[in-house]
*Asks:* 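Can you keep this structure in mind? I'll have questions shortly.
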Amino acid sequence: MQRVTRATVSVGGHEVSHIAAGLMCLVGIAHDDTTDDVKWLAAKLVQMRIFDDENGVMNKSVLQVDGEIMLVSQFTLHASTRKGNRPSYIAAARPEHARPLYDEICDEVQHLSGKPVARGSFGDHMAIDMVNDGPVTIIIDSRQRE
């Protein structure tokens, strides 16, 4: 998840979605991810306190600052670089498993936030333009629920 002042997703030179200030999240879905992972992650995303309060301390969630949320599916987040110089994507879910879970997390975040969720274009080559605010970038993994 990245705190941004703005973000847009384009496919083939045409904008497909955009947000103003809020969260731009790259979502990697593993072959063994489930609905339980989706629900846990969605709750984390909307409740994570990474926005400044009146004292300049990161103490507010995207909900508390009335921010917008963008979710973009990105299988390359599951790249393994242990061997050689060519990444392996064996841990990434196949599209027939990933697509329903991606749609589910978008729907769950929308439900929890009460606001529309901007989306990437699943499976397409996308150009993402954003301004990372801070920069603030947080990695959240449903396998490491800390």
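As the structure is a computational prediction, the values presented were derived from the model and not from experiment.
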*Asks:* Is it the case that more than 12 heavy atoms not belonging to N85 sit under 6.0 Å from its CG atom?
*Replies:* no

*Asks:* Please give the remaining members of the hydrophobic cluster of V57, linking ILVMFWY side chains under 4.5 Å, ordered by chain and number.
*Replies:* none

*Asks:* Taking only residues two or more places apart in sequence or in another chain, which ones pass side-chain contact (heavy atoms from CB on, under 4.5 Å) with L77?
*Replies:* L26, Q74

*Asks:* Please enumerate all residues that pass side-chain contact (heavy atoms from CB on, under 4.5 Å) together with K115, with sequence neighbours excluded.
*Replies:* D66, E68, S113

*Asks:* Can you list everything that forms a salt bridge (Lys or Arg N to Asp or Glu O under 4.0 Å) with R82? Sequence neighbours excluded, please.
*Replies:* none

*Asks:* With clusters built from Ile, Leu, Val, Met, Phe, Trp and Tyr whose side-chain heavy atoms come within less than 4.5 Å, directly or transitively, what are the remaining members of the cluster of F75, listed by chain and number?
*Replies:* Y89

*Asks:* Mind jotting down which residue pairs meet the ring-ring contact (aromatic ring centres under 6.0 Å, His included) criterion with at least one end in residues 91-127? Sequence neighbours excluded, please.
*Replies:* Y102-F122

*Asks:* Please answer: with hydrophobic residues joined when any side-chain heavy atoms are less than 4.5 Å apart, are V27 and I69 in the same cluster?
*Replies:* yes

*Asks:* What pairs of residues pass the salt bridge (charged side-chain N to carboxylate O under 4.0 Å, His left out) test when at least one of them lies in residues 116-126, not counting sequence neighbours?
*Replies:* D103-R119, D107-R119

*Asks:* Going by side-chain hydrogen bond (donor to acceptor under 3.5 Å, both in side chains), name the residues that satisfy it together with H18, two or more places apart in sequence or in a different chain.
*Replies:* E15

*Asks:* Give, for atom CG of L41 and atom NZ of K39, the distance between the pair rounded to the nearest 0.5 Å.
*Replies:* 12.0 Å

*Asks:* Only counting residues at least two apart or in another chain, list the ones meeting side-chain contact (heavy atoms from CB on, under 4.5 Å) with S142.
*Replies:* D33, D37, W40, R145

*Asks:* Would you give the length of the straight line joining atom OG of S10 to atom CE of M126, rounded to the nearest 0.5 angstrom?
*Replies:* 11.0 Å

*Asks:* If we ignore hydrogens and angles and just use 3.5 Å, is the side chain of Q64 paired with the main-chain N or O of S61 as donor and acceptor?
*Replies:* yes

*Asks:* Is there side-chain contact between V72 and V9, with at least one heavy-atom pair below 4.5 Å?
*Replies:* yes

*Asks:* Has the side chain of H31 got a donor or acceptor atom that lies under 3.5 Å from a matching backbone atom of R94?
*Replies:* no

*Asks:* What heavy-atom pair brings P100 and P95 nearest, and what distance separates the two atoms?
*Replies:* CD-O, 4.0 Å

*Asks:* Please check if M58 and V4 belong to a single hydrophobic cluster, counting links between Ile, Leu, Val, Met, Phe, Trp and Tyr side chain heavy atoms closer than 4.5 Å.
*Replies:* no

*Asks:* Going by the side-chain contact (heavy atoms from CB on, under 4.5 Å) test, name the single residue among I50, V136, I139, T137 that passes it with M1.
*Replies:* I50

*Asks:* First locate atom CG of N59, then atom CD of E54, and finally report the distance between them rounded to the nearest 0.5 Å.
*Replies:* 8.0 Å

*Asks:* Between OG of S80 and CZ of R86, what distance do you get to the nearest 0.5 Å?
*Replies:* 12.5 Å

*Asks:* Checking F51 now: which residues fulfil ring pair (Phe, Tyr, Trp, His ring centres under 6.0 Å) with it, not counting sequence neighbours?
*Replies:* none

*Asks:* Roughly how far apart are M130 CE and M24 CE, rounded to 0.5 Å?
*Replies:* 4.0 Å

*Asks:* CD1/I138 to CG/L45 distance, rounded to the nearest 0.5 angstrom?
*Replies:* 11.0 Å

*Asks:* Closest approach of K44 and I140, non-hydrogen atoms and distance?
*Replies:* CB-CD1, 4.3 Å

*Asks:* Taking D53 for its side chain and G56 for its backbone only, find out whether a donor-acceptor pair lies under 3.5 Å.
*Replies:* yes

*Asks:* What are the two closest heavy atoms between V109 and A42, and how far apart are they?
*Replies:* CG2-CB, 3.7 Å

*Asks:* C106 and side-chain contact (heavy atoms from CB on, under 4.5 Å): which single residue from L101, L71, V38 fits?
*Replies:* L71

*Asks:* Quick one: list whatever passes side-chain contact (heavy atoms from CB on, under 4.5 Å) with R6, sequence neighbours left out.
*Replies:* D129, V131

*Asks:* Quick one: does S17's side chain get under 4.5 Å of M70's, heavy atoms only?
*Replies:* yes

*Asks:* Can V16 be reached from I105 by stepping across I, L, V, M, F, W or Y side chains whose heavy atoms are under 4.5 Å apart?
*Replies:* no

*Asks:* Do I19 and V117 share a hydrophobic cluster, counting only Ile, Leu, Val, Met, Phe, Trp and Tyr and linking them when any side-chain heavy atoms are less than 4.5 Å apart?
*Replies:* no

*Asks:* Apply side-chain hydrogen bond (donor to acceptor under 3.5 Å, both in side chains) to D133 and list each qualifying residue two or more places apart in sequence or on a separate chain.
*Replies:* R3

